Amino acid sequence: MAGLTVTLYACYTALLFSEGRVADKEQSDRQEGVGEGVATSYRKAGPYIDASWQLAGAVGLGTLLGWWLDKKLATGPWLLVVGALFGIGVGFYLFFKILTNIGKGTR
């Protein structure tokens with residue numbers, strides 16, 4: 001029953017917001033609502049969220065690669081540690097590179 005309600009709500013929302021029109025008004029004719037303020041905030045926060053995901057992804061990927069190599073080569077935890085440290089280094093490099101480019105793009 002809950003799935004049907006969600007599906008009906010999704011269909012209603014799709015019909016209501018299709019082709020840039022809302023209740024027979026163009027988007028430029030509407031006043032900014034609560035949802036648009038949230039969307040604008042997420043759009044502004046996007047580069048910072050991207051930078052944090054790249055940091056987490058680099059650390060995770062380095063750690064996973066080190067773990068996999070440890071399993072293949074039977075070297076104990078050493079390649080895991082090296083992979084994690086390498087991932088941390090690459091992650092922070094990418095993180096600060098993105099953050100410095102954000103500051104340069106607004107000037």
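Positions are given from 1 along the sequence. Here the structure is a predicted model, which means the values were calculated and not measured.
- Exactly one of V90, L94, I49 qualifies for a side chain to side chain contact (heavy atoms under 4.5 Å, CB included) with Q54. That residue is L94.
- Taking the side chain as every heavy atom from C-beta outward, L99 and F95 approach each other to under 4.5 Å.
- With rounding to the nearest 0.5 Å, the separation of CG in D70 from OG1 in T75 is 3.5 Å.
- Residue Y48 is grouped with residue V59 when hydrophobic side chains (ILVMFWY) are merged at heavy-atom distances under 4.5 angstrom, including chains of intermediate members.
- Residues P47 and I98 come closest through the heavy atom pair O-CG2, 4.0 Å.
- Hydrophobic cluster membership differs between F86 and L65, with clusters built from Ile, Leu, Val, Met, Phe, Trp and Tyr side chains linked at under 4.5 angstrom.
- Once rounded to the nearest 0.5 Å, the distance linking CG of L80 with CG of L69 reads 10.5 Å.
- Shortest non-hydrogen contact noted between F92 and L55 is N-CD1, 3.6 Å.
- By the criterion of side-chain heavy atoms lying less than 4.5 angstrom apart, applied directly or through intervening Ile, Leu, Val, Met, Phe, Trp or Tyr residues, L79 is grouped together with W68 in one hydrophobic cluster.
- Every residue two or more places apart in sequence or in another chain was checked for a side chain to side chain donor-acceptor pair (under 3.5 Å) with S52, and none qualifies.
- Both F96 and I102 belong to a single network of hydrophobic side chains, linked directly or stepwise wherever heavy atoms of I, L, V, M, F, W or Y lie under 4.5 Å apart.
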